[in-house]
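Presented below is the structure to which this report refers.
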Amino acid sequence: MEPDIEEELLCVEAELQDVQDQIRALLDRQEKLYERQSELQTLLDGYKISQSAENKAAPVAVEDWSGSFEWDSRADDTRFNIFGISSFRANQREIINAVMSGRDVLVIMAAGGGKSLCYQLPAILRDGVALVVSPLLSLIQDQVMGLTALGIPAYMLTSTTSKEDEKYIYKALDKGEGALTILYVTPEKISKSKRFMSKLEKCHHGGRLSLVAIDEAHCCSQWGHDFRPDYKNLGILKIQFPNIPMIALTATATYKVQTDLMEMLHIPKCVKFVSTVNRPNLFYKVLDKSSVGKVVIDEIADYIRGSCSNNESGIVYCFSRKECEQVNELLSLVAKELRDRGISADYYHADMDVVARGKVHLRWSKNKLQVIVGTVAFGMGINKPDVRFVIHHSLSKSMETYYQESGRAGRDGLPSECILYFRPGDIPRQSSMVFYENCGLQNLYDIVRYCQSNRKCRRSAFFQHFGEAMQDCNGMCDNCAYGTEIKEVDATYHAKIIASLLHDMQSNDQRATMLQLVDRFRAKIKASAGASNTPASDLKKEEVEQLIILLILDRVLKEEFQHTAYATNAYVTLGPLWKQALQGKKAVKLEITIGQRGNKGGSPKGANKRTRTSGLETKLDELRIELSSSHGGIFPHAVLSMQQINMLGHQKPTSIEELEKLIGKVKAEKYGNRIIEIIQPYVTLENPDVMEQDLRKASENGGNKRLKKKDKNLVYVESSEDE
Ligand SMILES: Nc1ncnc2c1ncn2[C@@H]1O[C@H](COP(=O)(O)OP(=O)(O)OP(=O)(O)O)[C@@H](O)[C@H]1O
Ligand SMILES: [Mg+2]
């Protein structure tokens, strides 16, 4: 009888999971339909407006923002002669045209995409004063300094404004005296200063308010990652000045945030420009994190000394091991240890006094300090375009925050690296900090999936998260660029042991943290290996941790939390699908990397091979490294992506014309002769198999040498016991 019940229960649970998957898919679909609904609604509204205009025999207004407009030549002249920018980037011209036409505009554009120009240029072209709301003093100061240097009358009205400047600004608003083109304020000014609002009204009344820009507009939305209560009151601006174009700008792309802020700012009919979230110049990489703190710092220091030896700027993000107050200690310790290793580094955290914090930021901005070690508090105020690396010493709490934090690299569009140190053992600490947040655990598990994956393109995870169509990664992530050799281990048996261990413990009212579970598992495996013919565990401690995390993601296990007076503890308990695992009915496959992940230095035994197969591809890989250094130190992937190498390996083009069709004109023109030279011998092979073997042997020897040379600054780290 009992087996029947158990059987049915299993079926019900499996079906339940099915239903839950379907619900998730339906919710995704709902979100997409909402998006389409809003697009269609906007189209329909536009159509109705143009029809009613037609009825009145007025010219039809087609919303083609890339067409020609009367201000085109002035816009081009300002762009080039004032801003010194040779051409507009994607969407900039269109956005400027929409603002110039008097429309409200919502701009979603990735960090560093060039949002500032979209309101600064119309501010210059339109008569009067442009009001810009920006959340942070440091951001405002940077912008005002930059504009002033270009000779644009820009001012800010903040707590730091001198009495003299304040008087000048109020006079300009009040009477239109003195030159004032762009005025920056913080949102508090709008919500708290009656005097300012009354002056602004006078300015508007006198026809001198040219536009209103809301920068970092996601701060309006509670769904955004950086909600600011004062941003909620900015809706008043559209109510007070309904005929003044408002432009809201943000790098945060989620649909929920977009609709939310359109509502809060009262711009339901705005023209929306959504650019891709893709940051093609960022190289994403996940590295295995040693459990020994000093080893991680050594690796970071080696990376900085090796890859950024010209004092290129970077950020190292750290989080506390447990409690908040320990963050500060950790930051100063990491900064000190980097300094001990010869790197100019300092730390930055929220509790430092404003002056000290400002000093650190300034030294870094002026390249007098290479590295800032900070918490995420060191975030939105960063306007530095040439940050060449962002290293996460610990996991971010979601894909979205990781996108934002890592996105501080490479705002100037030049190749930059985003490195994340990951180890499963860090997860319980992170989950105990986020589990109480709305979707906190789900968000955390999403980024854990990103880290655990050894095959999937890192970029594709961002496209998926932000609901965007896939784009080519061009070999700009570790998984696409070199891949890692992976051993797939059937861990069904191991999962069974874990489920049975937890079942026994829970029957006795016991609980286990991840570490305790790992220890018990290893002890049990050892004991049963000695006692019977069961296989001894071939899994290392870190691999058992990896398995437990995999089982949590697969809902065989789950995390539970308990508050004490001092901390929140995370425990691992049985999840909805534990019975399948216990009965060995759930196939569990564990992917174990051989050697170090990310082709980082290779293992001491040289076991860390690339996944490439042919000798020709190895040769092409060597060539791209050589060409990258002779072309100003660009990334090898910028010369040829791994996909391109594979394609060339198969197609073996022998003329520039053929090559052009495969990799485009520019690359063919730049590197074509060398590429053809390398391919040629492989085409004329009389006995392809034999020659291929010979050539492969030769190139593998060469390849190994190159690998060692390239990665001389990276240290291979044996997995070791916990701190
Ligand atoms: N058309 C362009 N051509 C070349 N450089 C540009 C262009 N537009 C902007 N830039 C430069 O790109 C960098 C980033 O611009 P900006 O600060 O406006 O980015 P942003 O979109 O506001 O990013 P964030 O979300 O990080 O604030 C700046 O150095 C800017 O001068
Ligand atoms: Mg900006």
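All values derive from a computational prediction rather than experimental measurement. In each ligand, atom 1 is the first atom listed, and ligand 1 is the first ligand listed.
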Nearest protein heavy atom with distance in Å, relative to [atom]:
atom	result
atom 23 (O) of ligand 1	G112 N, 2.7 Å
atom 29 (O) of ligand 1	P385 CB, 4.1 Å
atom 25 (O) of ligand 1	K115 NZ, 2.7 Å
atom 27 (O) of ligand 1	R411 NH2, 3.5 Å
atom 31 (O) of ligand 1	I85 CD1, 4.6 Å
atom 8 (N) of ligand 1	Q92 NE2, 3.0 Å
atom 5 (N) of ligand 1	R89 NH2, 3.2 Å
atom 16 (P) of ligand 1	S116 OG, 3.6 Å

Does the ring center of [X] lie less than 6.0 Å from the ring center of [Y]?
X	Y	answer
H465	F463	no
H204	F241	yes
Y421	H392	no
F462	Y450	yes

Ring geometry between Y170 and F196 (parallel below 30°, tilted from 30 to 60°, perpendicular above 60°): tilted

With a cut-off of 4.0 Å, which atoms of ligand 1 are near a heavy atom of [X]?
X	value
A111	23 (O), 24 (P), 25 (O), 26 (O)
E216	27 (O)
S87	1 (N), 2 (C), 3 (N)

4.5 Å side-chain heavy-atom contact, H218 and E216: yes

Partner of R459 by side chain to side chain contact (heavy atoms under 4.5 Å, CB included), out of D472, N474, L282: L282

Nearest candidate to atom 19 (O) of ligand 1, where distance is taken over non-hydrogen atoms, out of G114, A110, G413, S275: G114

Stepwise side-chain hydrogen bond (donor to acceptor under 3.5 Å, both in side chains) check, S66 with D64: CA-CA 6 Å; S66 56; D64 175 14; 2.8 Å; yes

Residue part near ligand 1, for R408, under 4.0 Å between non-hydrogen atoms: neither

side-chain hydrogen bond (donor to acceptor under 3.5 Å, both in side chains) assessment of Q430 paired with K397: CA-CA 7 Å; Q430 299 273 0; K397 61 180 187 173; over 6 Å; no

